[in-house]
Amino acid sequence: MQDPFGLFHETISISYARLLLEICEKYDISAAILLDNTGLSLLNIKQHDAKMSAHQWSKLVANALRLTGNNRLGIEYGSALRPTAHGSLGFAFLSCVDVETALNLCQQFFCTRIQSFIPNWTFDEKLVYIYLDDVHPVKLGDEQQSQQLRVFLIESLLFGGIHLLELL
């Protein structure tokens, strides 16, 4: 099978899945049901250094969206995302002296964590404007499911970024 965007390469830290499982527990959704048809197992989730593919992550998110019925789950997820979930990159963010340094670090290393979008931003006197440019289409299932997945990813990125910047 051809995989021009690397969607089946296991490059995403399993820590992102762990957080989604924690959130879904609050909705009384068991890990076993959430992991159904993702190619992930509880054993994978418990391994500290395990990785998952973008395809597995997408299936997990699609399950979470369907099972919770929360179309704004990306906001909840991004707001709960701990900087340490990003591994050493998260610790590097926390050591930044100011927001501009953190944004520059993010610009340089964002692609090591997220391959679907490229971030750009501009500043004015009071605001930071963040743009996310698509690297490839976000597709899984039908058009509605693809759109829900895309919205989740964008919301979680933006609210995760806001949460991180609040910590700085």
Side-chain angles (χ1 to χ4, degrees), residues 1-95 106 109-117 119 132 134-164 166-167:
M1 174 187 338
Q2 298 221 3
D3 186 13
F5 302 115
L7 300 178
F8 293 90
H9 297 164
E10 293 180 349
T11 59
I12 301 171
S13 172
I14 205 72
S15 63
Y16 298 112
R18 267 192 232 110
L19 176 60
L20 190 56
L21 266 67
E22 286 175 28
I23 290 170
C24 288
E25 280 179 8
K26 296 175 188 172
Y27 290 84
D28 293 325
I29 299 167
S30 74
I33 292 172
L34 190 61
L35 294 171
D36 185 49
N37 198 33
T38 64
L40 297 169
S41 69
L42 282 173
L43 183 61
N44 295 124
I45 300 297
K46 291 179 181 180
Q47 292 177 341
H48 177 67
D49 59 348
K51 303 280 186 195
M52 63 183 165
S53 70
H55 186 70
Q56 290 171 313
W57 172 236
S58 297
K59 285 183 159 193
L60 185 65
V61 169
N63 284 352
L65 287 166
R66 180 178 46 79
L67 294 166
T68 63
N70 181 355
N71 289 329
R72 295 294 169 238
L73 192 61
I75 294 171
E76 185 175 349
Y77 181 86
S79 298
L81 193 59
R82 298 175 284 278
T84 54
H86 305 297
S88 56
L89 187 56
F91 288 103
F93 283 130
L94 291 174
S95 68
C106 179
F109 294 104
F110 188 86
C111 65
T112 65
R113 290 293 180 181
I114 310 289
Q115 290 85 30
S116 302
F117 302 96
L132 295 172
D134 296 78
V135 173
H136 58 78
V138 176
K139 292 188 177 187
L140 182 72
D142 61 23
E143 190 168 328
Q144 180 183 3
Q145 190 177 34
S146 294
Q147 183 60 21
Q148 288 174 330
L149 177 61
R150 180 179 165 71
V151 166
F152 174 92
L153 293 173
I154 291 170
E155 287 176 348
S156 65
L157 288 171
L158 292 176
F159 280 82
I162 290 167
H163 178 66
L164 183 64
E166 285 175 338
L167 293 173

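Quick note: residue numbers are just sequence positions, from 1.
When all heavy atoms of G39 and N44 are compared, the closest pair comes out as O-OD1, 4.1 Å. Residues E155 and L73 come closest through the heavy atom pair OE1-N, 4.4 Å. Counting all heavy atoms, side chain and backbone alike, H48 lies closest to R18 at CA-NH2, 3.5 Å. A pairwise comparison of heavy atoms in Y77 and Y16 identifies OH-O, 2.9 Å as the closest pair. Shortest non-hydrogen contact noted between Q148 and L65 is O-CD1, 3.7 Å.
Atom CG of L21 is separated from atom CD of E25 by 6.5 Å, given to the nearest 0.5 angstrom. The CG atom of L67 sits 8.5 Å away from the OG atom of S30 when rounded to the nearest 0.5 Å. A distance of 12.0 Å separates CD1 of I75 from CD1 of I154, quoted to the nearest 0.5 Å.
Across I29, L34, N63, a single residue satisfies side chain to side chain contact (heavy atoms under 4.5 Å, CB included) together with T68, and that is I29. When the options L35, L20, L60 are evaluated for a side chain to side chain contact (heavy atoms under 4.5 Å, CB included) with I45, the one that passes is L35.
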Given side-chain contact (heavy atoms from CB on, under 4.5 Å), test I14 with K46 step by step and report yes or no.
-> CA-CA 8 Å; I14 205 72; K46 291 179 181 180; over 6 Å; no
Just do the side-chain contact (heavy atoms from CB on, under 4.5 Å) check on L40 and K59 with the steps written out, would you?
-> CA-CA 10 Å; L40 297 169; K59 285 183 159 193; over 6 Å; no
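Salt bridge absent: E76 and K26 never bring a charged side-chain N and a carboxylate O closer than 4.0 Å.
Residues Q56 and I12 fail the side-chain proximity criterion, which asks for heavy atoms closer than 4.5 Å.
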